[in-house]
Amino acid sequence: MLVIQKEKIEYPEKILFEHERLVVSTNKIVAIVGANGTGKTTFLNGIIESLQNDDHRVEFDGSYVMVHQISETTDPLSGGEKVKKALNKAFARKPNLLLLDEPSANLDETTQRWLSKRLKEYHGIVLLVSHDIDLLNLANETWLIKDKKLEIFLGNYAFTENILNNKEYKQERAYNQQQREIHRLEQQIIKREQRAYRIKKGNGKKLSNSDKKALSRTSHDQMEKKMQRSAKALERRLERMPKIEKVAKSQVVRFIDPNEAKYLRSTVLIVKNQTIKFGKKILIEDVNFKLKYGQKLWLRGNNGSGKTTLVKTILNNREKFIAPNVGVGYFSQELQDIDLKETVWNNAAKDSLQNKQVIYTVLGGLDLKQIHQKASELSGGQLVRLQLAKVLLGNNQFLILDEPTNYLDLETKKSLQQFLQNYPGTILLISHNRQFAKTVTDNDLMITNKKLLTREQRQQYDSADQGNILKLQMKLDQLISDPTVSLEEIKQVQMKIRMSQK
């Protein structure tokens, strides 16, 4: 059992969040989620530090290992290899407590599936910091860090998100109901004050006491004071009313492409009979595909399969593959067009045809809200997001995005997802984030065995592979039952089966 005493998480001399006493039972995966900068990594580091110092802030009787986040890198291949090596080393030690900080960053789809399998089979406690929804949904419990508080949800991320959505729905209904009540009370206050004023003025007539008595009316002063007291009582009621906060909603972005009518139904990209190489090494053979304006394609494949090389081949030969006069925006996490002397706003707005509201919404959605800050003052992650904003806001009809979700938190990723769904032009997306890619693209191509395959072609290949594996397994059974067969022959067939299953 892991016990973390009540405390405030600080860095440095700044309170990030606070939490009550936390208790985690054996064989449980705990997902720790929150926006970038809320203190997730600081929290994990503090747990390790407390265990090493044995200061009783954290109580745990067992072995522990932490896999730290690999620093931001523009080389997903080397980054992915480092992550997998660190994960393999951690699993090999079979610790009772495993702390993982962004373990899926830079991992390709195959390695992500491997990590999911290892976590499902793991016996012990896992504290998982991640922005990968597939991994977060393996959790039994979710700790959400928001507004400097840690809130516990007894389920995975999907369960937590559902609760939060219902909570927001109820809050929105309660807010709207309260606003109607506030409006009603304000109108009543105005009516009572107006009535008090009319009584004071007597509607232009001055009545004698005998007239008032004949009409069975109290004095003007008493009537006026009664109305004023009534209005004041309503005002106090309004002041004492606990105000319900309005639910903050992300604004829908409406990108404007003045040339949309010109490019509608036009083909913006054609690649025919191309062999993609890295040096002399063939990565992809016989590449053939095309994209029309408005189509959104997911380019898939393991690290090193040739996705980025294919994209750079296209960009280096634009006149050969891309239609004339088509604006192309390319995002690769390399800071190609950032002017460090200019502000965030000026960098984003330069050469953009979008209106100020769209620019402001895109910057806000990518968590770049200090629009007057100089680019030279931004962190590495902020500069990457600014580069992404420039690509989204540029005068382009065709976006090529290479791993745009790396190091984005869940909320920022949702904003980017919405931006791309509303983008009117063509998108070629390279991403290992399956959940994200499926929501923003309408088709995919995968690099498999040096071939660029459609879904239908992959099904045919998969069927053929399964048939080959069955034949090999039957052969292995025959060899094992034959006493004259050598151990080396059996090992060769076993190796072929393993290679076919990769």
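- Within the structure, side-chain hydrogen bond (donor to acceptor under 3.5 Å, both in side chains) pairs that include any residue of residues 162-174 comprise E172-K249 (at least two apart or interchain).
- Counting only residues at least two apart or in different chains, ring pair (Phe, Tyr, Trp, His ring centres under 6.0 Å) contacts with residues 29-48 comprise F17-F43, H19-F43.
- Partners of T343 under the side-chain hydrogen bond (donor to acceptor under 3.5 Å, both in side chains) rule, at least two apart in sequence or in another chain, are N346.
- A donor-acceptor pair under 3.5 Å is formed between the side chain of S352 and the backbone N or O of L393.
- Pairs of residues two or more places apart, or lying in two chains, never qualify as side-chain hydrogen bond (donor to acceptor under 3.5 Å, both in side chains) while including a residue from residues 365-375.
- Of the possible polar contacts, one joining the S379 side chain to the Q382 backbone as a donor-acceptor pair under 3.5 Å is found.
- D147 places no side-chain N or O within donor-acceptor distance of the main-chain N or O of K149, the cut-off being under 3.5 Å.
- The side-chain hydrogen bond (donor to acceptor under 3.5 Å, both in side chains) search around E411 returns none, not counting sequence neighbours.
- Side-chain atoms of E260 do not come within 3.5 Å of backbone N or O of P424 as any donor-acceptor pair.
- A salt bridge links D55 to R57: at least one charged side-chain nitrogen sits closer than 4.0 Å to a carboxylate oxygen.
- Partners of F289 under the ring pair (Phe, Tyr, Trp, His ring centres under 6.0 Å) rule, at least two apart in sequence or in another chain, do not exist in this structure.
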Residues 24-39, side-chain donor-acceptor partners within the protein, below 3.5 Å, at least two apart:
| unit_1 | atom_1 | unit_2 | atom_2 | d |
| --- | --- | --- | --- | --- |
| N27 | OD1 | G124 | N | 2.8 |
| K28 | NZ | E141 | OE1 | 3.2 |
| N36 | ND2 | Y407 | O | 3.2 |
| T38 | OG1 | A35 | O | 2.7 |

Check: residues 233-246 side-chain donor-acceptor pairs under 3.5 Å, at least two apart:
| unit_1 | atom_1 | unit_2 | atom_2 | d |
| --- | --- | --- | --- | --- |
| R237 | NH2 | E181 | OE2 | 3.3 |
| K243 | NZ | L238 | O | 2.7 |
| K243 | NZ | M241 | O | 3.2 |

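- A donor and an acceptor atom, one from each side chain of R192 and Q188, are located under 3.5 Å apart.
- In terms of the ring pair (Phe, Tyr, Trp, His ring centres under 6.0 Å) criterion, residue partners of F255 (sequence neighbours excluded) are, by chain and number, Y423.
- No hydrogens or angles considered: nothing links the side chains of T42 and N45 as a donor-acceptor pair under 3.5 Å.
- Screening V328, T426, L392 for a side chain to side chain contact (heavy atoms under 4.5 Å, CB included) involving L399 leaves a single residue, L392.
- Sorted by first and then second residue, the pairs that involve residues 428-447 and meet salt bridge (charged side-chain N to carboxylate O under 4.0 Å, His left out), not counting sequence neighbours, are D134-R434, R300-D444, D444-R455, D444-R458.
- For residues 113-122, the salt bridge (charged side-chain N to carboxylate O under 4.0 Å, His left out) pairs, not counting sequence neighbours, are K117-E121.
- Residue pairs meeting the salt bridge (charged side-chain N to carboxylate O under 4.0 Å, His left out) criterion with at least one partner in residues 384-398, sequence neighbours excluded, are absent.
- Between the side chain of K296 and the backbone N or O of Q421 there is at least one donor-acceptor pair closer than 3.5 Å.
- K413 places a side-chain N or O within donor-acceptor distance of the main-chain N or O of H131, the cut-off being under 3.5 Å.
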